[in-house]
> 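Before I ask anything, here is the structure I am working with.
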Amino acid sequence: MISLTSRVLVVWLQPEKPFSCKHLSVLGRLRNLEELLINLPTNRAVLDVPESAAQQPNPAEPYSWLGSLSALTRLAMSIPTVSGLSSIGSCTNLCSLFLQGAVGQGPKLQLGEAEWDALAHLTKLTSLKVSKGFRAAVVSEACAAAVLRMGSLEILAGPFWTEDTLQVFSQLPHLGLINGCWGA
């Protein structure tokens with residue numbers, strides 16, 4: 001079901017009805033869209049993401065259409081793969097980003113170098129939330145560089161943080177809330 005109200009779009013996908021990531025690409029035509037919420041209640045809601053695509057980044061699949069939504073200020077998505085998510089770097093007006101992994105058997109998704117490089121372009125972000133379905137944030141050079149470029153971040157939430165991430169977060173001047181589990 002798709003409902004459109006002015007510049008806000010909410011998409012609720014039902015697990016009992018066949019649907020694929022390819023169908024979402026039509027949303028790339030909504031260039032003036034400011035807010036987008038895509039809810040995949042279970043991993044069964046997406047049928048066309050082969051296991052190999054979930055493990056290997058391919059910029060053309062299945063979220064490359066996000067790059068054409070440059071007017072977005074708020075994006076919340078349940079996703080079964082990070083493949084193609086790096087196109088989000090073109091959404092430079094984003095203030096709020098919420099990503100939830102739509103996987104059924106624990107945390108499987110990981111933001112890699114390409115995704116962190118894309119997130120580095122989102123310098124207007126005040127809220128970044130990465131939820132269930134994702135593994136702990138690995139502090140790489142790309143991760144640290146991206147987070148440090150997000151100087152406006154006020155809220156940062158993730159499934160699991162380590163001591164290394166805390167050192168990077170401590171350099172953000174406006175960060176007021178860090179949410180998630182902590183471990184050594």
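The first residue in the sequence is number 1, and the count goes up from there.
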> Is there a donor-acceptor pair under 3.5 Å between the side chain of Asn93 and the backbone N or O of Thr73?
no
> CD/Glu154 to OG/Ser96 distance, rounded to the nearest 0.5 angstrom?
10.5 Å
> Please set out all donor-acceptor pairs under 3.5 angstrom arising from side-chain atoms of residues 166-176, sequence neighbours excluded.
residue : atom : partner : partner atom : Å
Ser170  : OG   : Gln167  : O            : 2.7

> Treating Ser87 as the side-chain partner and Tyr63 as the backbone partner, does any N or O pair qualify as donor plus acceptor under 3.5 Å?
yes
> Counting C-beta onward and ignoring hydrogens, is there a side-chain heavy-atom pair between Lys108 and Phe134 closer than 4.5 Å?
no
> Please say yes or no: joined through hydrophobic side-chain contacts below 4.5 Å, possibly via intermediate residues, are Phe98 and Leu72 part of one cluster?
no
> Looking only at heavy atoms, what is the nearest atom pair of Ser90 and Gly67, with distance?
CB-O, 3.3 Å
> For Lys129 and Ile155, what are the C-alpha separation, side-chain angles and deciding distance, and is it a side chain to side chain contact (heavy atoms under 4.5 Å, CB included)?
CA-CA 8 Å; Lys129 298 177 182 177; Ile155 300 170; 3.9 Å; yes
> Any non-hydrogen side-chain atom of Leu27 less than 4.5 Å from a side-chain atom of Trp65?
yes
> Do any pairs count as a salt bridge (charged side-chain N to carboxylate O under 4.0 Å, His left out) and have a residue in residues 83-101, sequence neighbours left out, and if so which ones?
none
> Quick one: are Leu66 and Leu85 in side-chain contact, heavy atoms under 4.5 Å?
yes
> Is there any salt bridge (charged side-chain N to carboxylate O under 4.0 Å, His left out) pair reaching into residues 75-101, and which pairs are they, with sequence neighbours excluded?
none
> Once side-chain contact (heavy atoms from CB on, under 4.5 Å) is applied, do any residues pair with Ala71, and if so which ones, sequence neighbours excluded?
none
> If the test is side chain to side chain contact (heavy atoms under 4.5 Å, CB included), which one of Leu111, Val130, Leu94 qualifies with Leu119?
Leu111
> Would you please name every residue forming a side-chain contact (heavy atoms from CB on, under 4.5 Å) with Ala142, sequence neighbours left out?
Glu113, Trp116, Asp117, Ser140
> With heavy-atom distances below 4.5 Å as the criterion, would you say the side chains of Leu75 and Met77 are in contact?
yes
> Taking all non-hydrogen atoms of both residues, which atom of Ser86 and which atom of Ala118 are closest, and how far apart?
O-CB, 3.0 Å
> Between side-chain atoms of residues 30-38 and protein atoms elsewhere (two or more places apart, or another chain), which donor-acceptor pairs fall under 3.5 Å?
residue : atom : partner : partner atom : Å
Arg31   : NH1  : Gly28   : O            : 2.7
Arg31   : NH1  : Ser68   : OG           : 3.2
Glu35   : OE1  : Arg74   : NH1          : 3.3

> Are Leu125 and Leu97 packed together at the side-chain level, in the sense that at least one heavy-atom pair is separated by less than 4.5 angstrom?
yes
> For residues Ile178 and Leu122: do they belong to one hydrophobic cluster (side chain heavy atoms under 4.5 Å, members Ile, Leu, Val, Met, Phe, Trp, Tyr)?
yes
> In the structure I gave you, are the side-chain heavy atoms of Leu128 and Leu153 within less than 4.5 Å of one another anywhere?
yes
